[in-house]
Structure formats: structure tokens, C-alpha cells
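Working notes, structure below.
These numbers come from a predicted model, not from an experiment.
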Amino acid sequence: MSDSKAGHLAIYPGSFDPITNGHEDIVRRGLSFVDRIVIAVAYRATHEKRGLFSIDERLEMIRGVFRDEPRIEVAAFDGLLVDFARQQGAHLVIRGLRAVSDFEYEFQMALMNRQLYPKLETIFLAPDVRYSYLSASLVREIASLGGGVEEFVAPLVRERLEARFREGAR
Ligand code: PNS
């Protein structure tokens, strides 16, 4: 589980369109037992236009949220998570589990990733109960319909959401 040069390293992968307080909560919990976390934004070069925010915007927001935290790195990866993990020298993936409804997909992904890369372990963390119903897709929908999202995302993310929907995004 350890990267001999740099202590325990974990990857926290996701779409992060955009990063929410739920994601932030999981990362900060992870930092209590690993030395470094690479927050990895998954993308497909051929599908880059999908999503509300570009990959660069997502990376920038994540960097902003963790600007006080030197143990966090932020990266984008195209392709398989297992290949990115190998390249980083990481043997641990962190995922958040909000509810039983997340379980089936998460379990399938963890086992498939292990099949593809047997040294890779996935651990699941439960978020603070305040975030157990939170998702980036609901945040996008609420913001798109003019609802307040200040409880769910960092101020810098809220500003970006408001600006994006002022520009007329759907
Ligand atoms: O935030 P999300 O959308 O739930 O994250 C899903 C993500 C990005 C972790 C998953 O789709 C992923 O790992 N994508 C990279 C491509 C890959 O490795 N696919 C095979 C998974 S078994």
C-alpha cells in the first residue's frame, strides 16, 4: 500500500463537475490516514465538451478548494484509472459511499479495477451525514434553476456556477 519514496499515497478519482462539499469532506477524511492524495479528474479526450465545466475549470476549482493543503495534488487523467494509478505508483483508491444505492456500482468498479490491477485496493469512506444526499448533478440542477447552493459547494465554486448559468448554460 505504500509508495516507498513518499509515504502512503491514495488516488481520489471522479468527475468533479463541480467539486462539492461532499467531495471535500471525503478528501479531508482521507488525509487523516494517508500522507498524500491525488485528486484525479477523469476525462475522455474525445468527449471533452461534455459536462458543465471544462476539465481545466474543474482542476482550477479543486486547487482553489485545497489551496491550504500541501498534501493534495490535482491531476486529470484520460483512460483507465488503473493505468493512472500505476503511473502514480499508487495502490489505494478512495471513493465515497453515500447510500446503499451507490453500493452496487462502486462494488462493481472496485472489483473490476482489482481484476485489471490486482495491487489496487479501493476503500470506501462515508461522508458526514450532512452530505449523504448531495451530488454534483443535483447541485448543477439546483444552480441552473436559480436555487441557492451555498450549503453544498465552496464559495469559489458557487461563483463559477452562478456565472456559468448567467452566461446561459443549461
Ligand atoms: O464521479 P464519478 O463520475 O462517479 O467517477 C467515476 C470514475 C471517474 C471514478 C470512473 O468512471 C472511472 O474510474 N473512470 C475512468 C475510466 C475507467 O477506468 N473505467 C473502468 C472502471 S472499472
Side-chain angles (χ1 to χ4, degrees), residues 1-43 51 53 55 57-77 80-82 84-114 117 119-140 142-143 148-161:
M1 203 153 98
S2 75
D3 172 5
S4 53
K5 278 184 296 200
H8 288 113
L9 164 68
I11 294 182
Y12 180 53
S15 306
F16 305 107
D17 187 26
I19 182 166
T20 68
N21 291 345
H23 295 128
E24 181 181 350
D25 177 71
I26 294 291
V27 169
R28 294 200 188 277
R29 283 172 199 283
L31 285 175
S32 67
F33 61 89
V34 296
D35 298 308
R36 289 191 299 133
I37 295 180
V38 177
I39 303 177
V41 181
Y43 76 102
F53 292 106
I55 299 304
E57 289 172 316
R58 296 181 208 183
L59 295 172
E60 215 179 291
M61 285 185 272
I62 300 169
R63 287 196 186 101
V65 167
F66 291 105
R67 66 189 167 281
D68 62 329
E69 189 41 87
R71 294 188 297 146
I72 295 294
E73 278 169 49
V74 184
F77 72 101
L80 288 173
L81 175 61
V82 290
F84 181 73
R86 272 200 194 92
Q87 186 195 316
Q88 295 286 316
H91 297 152
L92 186 63
V93 167
I94 294 176
R95 292 283 289 170
L97 260 194
R98 290 164 299 194
V100 176
S101 52
D102 283 341
F103 179 78
E104 205 170 329
Y105 170 63
E106 293 296 336
F107 194 60
Q108 191 181 12
M109 213 161 49
L111 293 181
M112 181 57 86
N113 280 330
R114 184 192 280 157
Y117 183 19
K119 286 185 181 165
L120 194 64
E121 292 294 345
T122 302
I123 55 166
F124 299 109
L125 298 183
D128 188 293
V129 72
R130 282 178 298 161
Y131 307 128
S132 59
Y133 55 87
L134 179 54
S135 71
S137 59
L138 277 182
V139 165
R140 291 195 302 271
I142 293 164
V149 292
E150 53 282 347
E151 284 173 70
F152 311 129
V153 296
L156 69 97
V157 176
R158 193 194 70 195
E159 282 162 25
R160 292 284 192 121
L161 280 162

In the structure I gave you, are the side-chain heavy atoms of [X] and [Y] within less than 4.5 Å of one another anywhere?
| X | Y | answer |
| --- | --- | --- |
| F77 | V41 | no |
| R28 | F66 | yes |
| S15 | R58 | yes |
| E151 | Y131 | no |

*asked:* Run the side-chain contact (heavy atoms from CB on, under 4.5 Å) test on T122 and R95 for me, step by step, so that the C-alpha distance in whole Å, both residues' side-chain angles and the decisive distance to 0.1 Å come before the verdict.
replied: CA-CA 7 Å; T122 302; R95 292 283 289 170; 4.2 Å; yes
Any chance you could measure [X], atom [atom1], to [Y], atom [atom2], to the nearest 0.5 Å?
| X | Y | atom1 | atom2 | value |
| --- | --- | --- | --- | --- |
| Y12 | E24 | OH | CD | 10.5 Å |
| R130 | D25 | CZ | CG | 7.0 Å |
| Y43 | L59 | OH | CG | 9.5 Å |
| L80 | R86 | CG | CZ | 9.0 Å |
| E73 | R63 | CD | CZ | 10.0 Å |
| I142 | S135 | CD1 | OG | 8.0 Å |

Which heavy atom of [X] sits nearest a heavy atom of [Y], and at what distance?
| X | Y | result |
| --- | --- | --- |
| H23 | T20 | ND1-N, 2.9 Å |
| I37 | L31 | CD1-N, 3.8 Å |
| P18 | A136 | O-CB, 3.6 Å |
| L9 | L92 | O-CB, 3.9 Å |
| A85 | I11 | CA-CD1, 3.5 Å |
| I94 | F33 | CD1-CZ, 4.4 Å |

*Anything under 30° is parallel, anything over 60° is perpendicular, the rest tilted; go ahead and classify Y133 against F152.*
perpendicular
*List for me each residue that meets ring pair (Phe, Tyr, Trp, His ring centres under 6.0 Å) alongside Y117, sequence neighbours excluded, and say none if there are none.*
none
*Excluding sequence neighbours, so at least two apart, what forms side chain to side chain donor-acceptor pair (under 3.5 Å) with E60?*
R160
*asked:* If the test is side chain to side chain contact (heavy atoms under 4.5 Å, CB included), which one of I123, L81, N113, V82 qualifies with V93?
replied: L81
Under 3.5 Å donor-acceptor pairs involving side-chain atoms of residues 96-103, not counting sequence neighbours:
from: R98; atom 1: NE; to: D102; atom 2: OD2; distance (Å): 3.0
from: R98; atom 1: NH1; to: L134; atom 2: O; distance (Å): 2.8
from: R98; atom 1: NH2; to: D102; atom 2: OD1; distance (Å): 3.1
from: D102; atom 1: OD2; to: R98; atom 2: N; distance (Å): 2.8

_Apply side-chain contact (heavy atoms from CB on, under 4.5 Å) to residues R114 and E121 and explain how you reach the verdict._
CA-CA 7 Å; R114 184 192 280 157; E121 292 294 345; 3.0 Å; yes
*So does D35 pair up with R71, basic N to acidic O under 4.0 Å?*
no
